[in-house]
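First comes the structure, then the notes that go with it.
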Number of protein chains: 2
Amino acid sequence: MAAVRLRDLAAELGLDISTVSRALRGDRRVRPETRERITRLASSLGYRANLRARALAEGRSRTVWLVLPGLERPVERECAVHAGRWLFDRGYDLLLAPHRDDPRAYARILDRLASGGADGALLIPGDVSPSDAPPGDVAAELPLLESGLPFAYLDRSVPGVRAPVATTDNEAAGRALASAAAGAAARSGAALASAVDAFRSGRNPVEAARSRGWRAGMAGLGVPISGLGGGPGPIAVAASTQEEIEAALRDLGDEGRSGPFVAAAFDRWEPRGGPLFAAFVAIQDFRTMAYAAVELLAEGLASGVALETREVLVPLLELRSVGERGMEAGLNE
Amino acid sequence: MAAVRLRDLAAELGLDISTVSRALRGDRRVRPETRERITRLASSLGYRANLRARALAEGRSRTVWLVLPGLERPVERECAVHAGRWLFDRGYDLLLAPHRDDPRAYARILDRLASGGADGALLIPGDVSPSDAPPGDVAAELPLLESGLPFAYLDRSVPGVRAPVATTDNEAAGRALASAAAGAAARSGAALASAVDAFRSGRNPVEAARSRGWRAGMAGLGVPISGLGGGPGPIAVAASTQEEIEAALRDLGDEGRSGPFVAAAFDRWEPRGGPLFAAFVAIQDFRTMAYAAVELLAEGLASGVALETREVLVPLLELRSVGERGMEAGLNE
DNA sequence: TTGTAGGCGTTATCAT
DNA sequence: ATGATAACGCCTACAA
């Protein structure tokens with residue numbers, strides 16, 4: 001019942017292991033009849049190459065890990081599926097390693113990677129706020145860097161870690177949302193009085209870039225960025241998610257503001273009525289982002305060495321307008 | 001820049017490889033001072049054990065794969081997270097291998113597993129309808145079975161494949177939903193006229209078990225199972241998802257039925273008004289299910305051999321009642 | 001076209 | 001407590 005080895009096939013056929021090995025992996029310097037005998041016996045005995053031995057001998061395992069916090073967010077799921085397909089076509093298997101924001105799990109995953117657990121890796125970092133970052137967490141990817149394993153960041157990067165990144169052009173997306181929001185207000189006859197920046201800039205580089213774009217866009221249009229107060233007239237509120245925008249509006253409401261507004265969010269917006277008169281959604285192109293990350297990684301997989309720092313910015317898939325139906329209703333309040 | 005090996009440490013210290021190996025792995029028959037010298041040099045040189053070599057020598061990799069179709073459904077995500085934690089605590093890393101319902105990807109994953117890619121596996125099968133099953137797909141897990149790798153099914157099993165399963169007690173859940181639905185109708189003063197079975201029994205064993213339970217429960221209560229027609233009076237409709245129930249109702253509507261009804265679904269129900277007067281949701285216990293599967297697998301991981309067929313039925317986490325507010329409204333239509 | 005032999009880096013079994 | 005040596009199963013120059 002023990003697994004069949006090359007040695008068993010060779011012994012059975014009176015050949016040498018190396019000949020059997022060559023035949024089974026398609027090396028053409030094996031006489032056709034010999035190859036025939038070998039493949040026949042191999043399949044009849046159910047021979048399967050031992051991947052552990054092959055990985056040791058070849059120095060690679062044709063395996064890539066995608067390290068991510070969890071599976072809840074669309075980025076994670078979509079990138080996983082697409083990157084998996086791209087890599088599959090290149091002969092690699094993509095395995096997902098979720099660390100559940102558990103620092104110990106995260107450390108062990110990176111440690112295994114650095115020890116030859118895979119040929120390369122894609123990393124989607126979790127949120128790192130200065131307060132809840134465990135000591136030494138900044139250096140969590142240190143083993144990876146030292147090992148020289150090729151890896152690339154996906155969606156976001158970790159400041160200070162030198163590695164390539166594939167991410168949405170979030171700054172451009174922020175600017176695009178700004179101009180769309182201002183345009184919608186203008187078309188409705190009431191120019192934007194001010195804009196609210198509800199991005200969580202300190203959270204990660206993505207939020208920071210979106211905030212920069214939004215503020216720059218509004219500045220270029222002459223619309224002032226207001227804090228929680230703000231003057232009368234229609235306002236535009238931007239954040240990464242609908243929930244964050246709604247939370248910001250509740251804060252504004254407490255200070256006397258509940259009038260019409262324009263919403264600018266990413267990826268998803270469910271119309272729920274209320275004083276909204278227009279909503280714009282920046283739809284990210286996860287498919288292309290995953291492709292770009294795989295492209296970045298591919299160089300390293302071929303050469304087997306770590307990659308240079310580089311940033312690939314993927315344009316938005318679409319800037320979608322939703323919920324403009326309620327525009328008049330919003331203005332009539 | 002090449003990776004540091006045991007050999008390098010041994011040479012540097014004038015010791016033998018075997019001593020260094022023992023020291024680094026906590027074997028106590030090494031003189032404390034020697035161990036000290038070794039560990040010091042190892043960490044100063046950044047030594048990392050080569051996992052590929054270790055896996056070959058030890059015959060295992062302390063790695064388990066979770067093979068699943070995708071990451072969309074709650075089962076997949078929740079089981080992945082929980083199983084990952086349980087296995088982590090046992091010293092194993094859980095890696096996710098989504099096959100995107102691509103038969104080639106699926107075959108390659110199972111092939112790698114059978115060739116020693118991991119020490120064990122958990123499988124969440126996709127839907128297999130007789131029509132779209134590619135030829136030979138039934139035997140897709142054949143390599144796995146032949147290899148003797150320990151694995152267990154999670155959530156569902158594949159008929160005909162001998163392996164242990166951890167799944168919800170779907171038949172009991174179906175019965176529970178039946179009695180809850182009938183009870184709600186009785187409490188509202190209008191006994192159930194008939195029940196609709198909208199489960200997709202041919203799709204997979206889970207759907208089949210739910211359907212059996214629902215039918216048996218209704219039979220025990222003397223409520224006839226109706227087809228698309230059905231008589232007058234309140235009816236109960238059961239299916240795995242809200243969408244499937246709504247689809248079934250649209251069909252009923254075409255035949256003249258749009259009156260009040262009781263809904264019985266799994267895991268999720270969003271109240272949306274309409275002629276509904278009660279909804280019951282069977283909430284599955286994914287956490288316990290994942291735990292049970294890991295327990296099943298653990299035996300095999302310890303012994304290294306395939307497991308006996310066995311079925312662990314996990315009770316529902318909860319039978320939740322939602323949307324009963326609309327009961328009177330529904331009856332008044 | 002086939003065989004020989006060394007190597008991949010660790011672990012494990014003997015001696016000493 | 002340490003060292004020599006043989007696995008682990010496969011790959012790959014190099015030789016024949």
Side-chain angles (χ1 to χ4, degrees), chain A residues 2-39 41-42 45-63 111-112 114-119 147-149 304, chain B residues 2-39 41-42 45-63 111-112 114-117 119 147 149 304:
Chain A
V4 183
R5 297 161 301 176
L6 282 183
R7 184 196 304 175
D8 303 321
L9 300 180
E12 179 74 20
L13 294 169
L15 291 169
D16 189 86
I17 290 190
S18 55
T19 305
V20 180
S21 171
R22 275 191 289 260
L24 256 26
R25 68 216 330 284
D27 191 318
R28 279 180 312 191
R29 40 189 191 172
V30 173
R31 200 198 316 170
E33 328 162 17
T34 312
R35 169 201 308 289
E36 183 57 27
R37 284 206 302 152
I38 294 175
T39 53
L41 182 67
L45 258 51
Y47 168 80
R48 322 191 71 80
N50 181 322
L51 292 184
R52 291 191 278 255
R54 174 174 287 172
L56 176 58
E58 289 188 332
R60 56 186 169 71
S61 53
R62 294 213 164 271
T63 276
D111 198 86
R112 283 187 121 116
S115 304
D119 297 349
S147 74
L149 187 92
Chain B
V4 184
R5 299 160 300 177
L6 283 182
R7 183 195 303 174
D8 303 320
L9 299 179
E12 180 75 18
L13 294 169
L15 291 169
D16 190 88
I17 291 189
S18 52
T19 305
V20 179
S21 172
R22 276 190 288 259
L24 257 25
R25 216 121 66 56
D27 191 316
R28 279 179 315 191
R29 42 189 190 171
V30 174
R31 200 198 317 169
E33 327 161 17
T34 313
R35 168 202 308 289
E36 182 58 26
R37 285 206 300 151
I38 293 175
T39 53
L41 182 68
L45 259 49
Y47 168 79
R48 320 191 74 80
N50 182 323
L51 292 184
R52 291 191 276 255
R54 175 174 288 172
L56 176 58
E58 288 189 333
R60 56 184 169 74
S61 55
R62 295 211 164 273
T63 277
D111 198 86
R112 284 187 119 116
S115 305
D119 297 348
S147 74
L149 188 92

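Below, chain A is the first sequence line, B the second, and so on; all start at residue 1.
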Under 3.5 Å, side-chain donor or acceptor atoms of residues 17-24 of chain B against the rest of the protein: list the pairs with distances, not counting sequence neighbours.
residue	atom	partner	partner atom	Å
Ser18(B)	OG	Asp16(B)	OD2	2.7

- Query: What pairs with Arg29(A) under side chain to side chain donor-acceptor pair (under 3.5 Å), at least two apart in sequence or on another chain?
  - Reply: Asp27(A)

- Message: Once salt bridge (charged side-chain N to carboxylate O under 4.0 Å, His left out) is applied, do any residues pair with Arg7(A), and if so which ones, sequence neighbours excluded?
- Response: none

- Message: Holding to salt bridge (charged side-chain N to carboxylate O under 4.0 Å, His left out), I want the full list of residues that pass it with Arg37(A), two or more places apart in sequence or in another chain.
- Response: none

- For nucleotides 3-16 of chain D, read 5' to 3', which letter fits each nucleotide if B means a protein heavy atom sits under 4.0 Å from the base, S means only the sugar-phosphate is that close, and - means neither? BB---BBBSBB---

- Item | Nucleotide dG9(C), atom P - distance to CG of Leu9(B) in whole Å | 13 Å

- Pairs involving residues 50-59 of chain B, ordered by first then second residue, that meet side-chain hydrogen bond (donor to acceptor under 3.5 Å, both in side chains) (sequence neighbours left out): none

